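A note on names: the letters A, B, ... follow the listed sequences, proteins ahead of strands, and every chain is numbered from 1. Model, not experiment: these values are computed from the prediction.
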There are 2 protein chains.
Amino acid sequence: MKKLIKVMKALSDPGRVKMVKMLAVKEMCVCEIQAALELSQPTISKHLKVLEEAGLVASRKDKLWVNYNLTDGDDSTYARDVLEKMSTWLEKDPEIKTLKKKLKKISRDNLKKC
Amino acid sequence: MKKLIKVMKALSDPGRVKMVKMLAVKEMCVCEIQAALELSQPTISKHLKVLEEAGLVASRKDKLWVNYNLTDGDDSTYARDVLEKMSTWLEKDPEIKTLKKKLKKISRDNLKKC
DNA sequence: TTTATATATTACCATATGGCAATACACCCT
DNA sequence: AGGGTGTATTGCCATATGGTAATATATAAA
């Protein structure tokens, strides 16, 4: 039950939902996510932690960067099922579409400062 | 997006999740739900409203009683998909199992006062 | 060793949420 | 009309949540 609640709560925030939709496209570091959404760096970090603790997202260090990606949902049935649904949900949502376009132009290399 | 958030938020509370699992078994009025969970009547009403606004639950008046039941999720894809998943989720959860047993003994007729 | 950069943590604030008691409303039944 | 019962609403409180600025930590480069 607790795990289900964590998954649901994790996806109860627009910012976190956007992050999941973005990470479905590609692995991203915190500063890239920050450039896509307009939230402060600590806020991004906090949200990512919530997603991580719900078993939806995992991180991998690469030198100075921490790359985040979606898990395959092996943490729980809930995580797996919901991630599967998330891959179809919001595909036609205008806000998400715009976000995905924006994503193409974002790379850690063209971010002067993270 | 807003609708998705509402669905997720609605299922971010253990009490509401329990209500959904119960309503999957049978239609129930507020006082029956109250007898099953140990929460005050206003709290139950408030939770049901949240579930209703997420498109997960609907109500039907029968004289003095208001019977609540699950919708078929026609409000949104999210509601439909999540309700479908909810029918399999938590089926082995001990707390839910106990609740379902308790449910058999609960009828508005053997509740002295609602 | 110093400096710079990417991320995480902390401290703090404003708002949202979940809980209840008290009250209001709606619908019977005399 | 009046009383009884089931549900909804209101008002209030404690805690949770989402946000930021400031700071700490970690790694790379000079």
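- B/Leu11 places its CG atom 14 Å from the P atom of C/dT17, with the value rounded to the nearest Å.
- Pairs of residues two or more places apart, or lying in two chains, that qualify as ring pair (Phe, Tyr, Trp, His ring centres under 6.0 Å) and include a residue from residues 83-108 of chain B are A/Tyr78-B/Trp89.
- The B/Leu64 side chain lies nearest to C/dC27 when the options are C/dA6, C/dC27, D/dT7.
- Checking A/Glu38 against A/Asp62, the closest nucleotide of DNA chain D that is more toward the 5' end is the one next to A/Glu38.
- Residue B/Leu39 places its side chain closer to C/dG19 than to any other of C/dA26, D/dG18, C/dG19.
- Rounded to an integer number of Å, the gap from CG of B/Asn67 to P of D/dA8 is 11 Å.
- Rounded to an integer number of Å, the gap from CZ of B/Arg60 to P of C/dA26 is 20 Å.
- We find that CD of B/Glu32 is positioned 12 Å from C1' of D/dG6, with the value rounded to whole Å.
- For the contact set between residues 41-49 of chain A and DNA chain D, defined by any heavy atom under 4.0 Å, the members are A/Pro42, A/Thr43, A/Lys46, A/His47.
- Across B/Arg80 and B/Gly73, no two heavy atoms sit closer than the pair CB-O, 3.5 Å.
- Set against D/dA8, C/dA26, D/dA26, the side chain of A/Lys61 has D/dA26 as its closest nucleotide.
- Shown here is A/Lys26, whose NZ atom has more than 12 heavy atoms of other residues, nucleotides or ligands within 6.0 Å.
- Between the P atom of C/dA16 and the CZ atom of B/Arg16 lies a distance of 15 Å, rounded to the nearest Å.
- Distance check, rounded to the nearest 0.5 Å: CG of A/Asp74 to OG1 of A/Thr77 gives 11.0 Å.
- The shortest distance between the side-chain N/O atoms of A/Tyr68 and the OP1/OP2 oxygens of C/dA6 is not below 4.0 Å.
- When the C1' atom of D/dG18 is taken as reference, atom CD1 of B/Ile5 falls 13 Å away, rounded to whole Å.
- Residue B/Glu53 contributes atom CD, which lies 12 Å from atom P of D/dA8 at whole-angstrom precision.
- Among residues two or more places apart in sequence or in another chain, the side-chain contact (heavy atoms from CB on, under 4.5 Å) test is passed with B/Glu53 by B/Lys6, B/Lys49.
- Note: the hydrophobic cluster containing A/Ile106 does not contain A/Leu70 (ILVMFWY, side chain heavy atoms under 4.5 Å, direct or indirect links).
- Remark: B/Glu91 CD is packed, more than 12 non-hydrogen atoms of other residues, nucleotides or ligands lying under 6.0 Å away.
- Atoms NZ (B/Lys63) and P (D/dG6) sit 13 Å apart, rounded to a whole Å.
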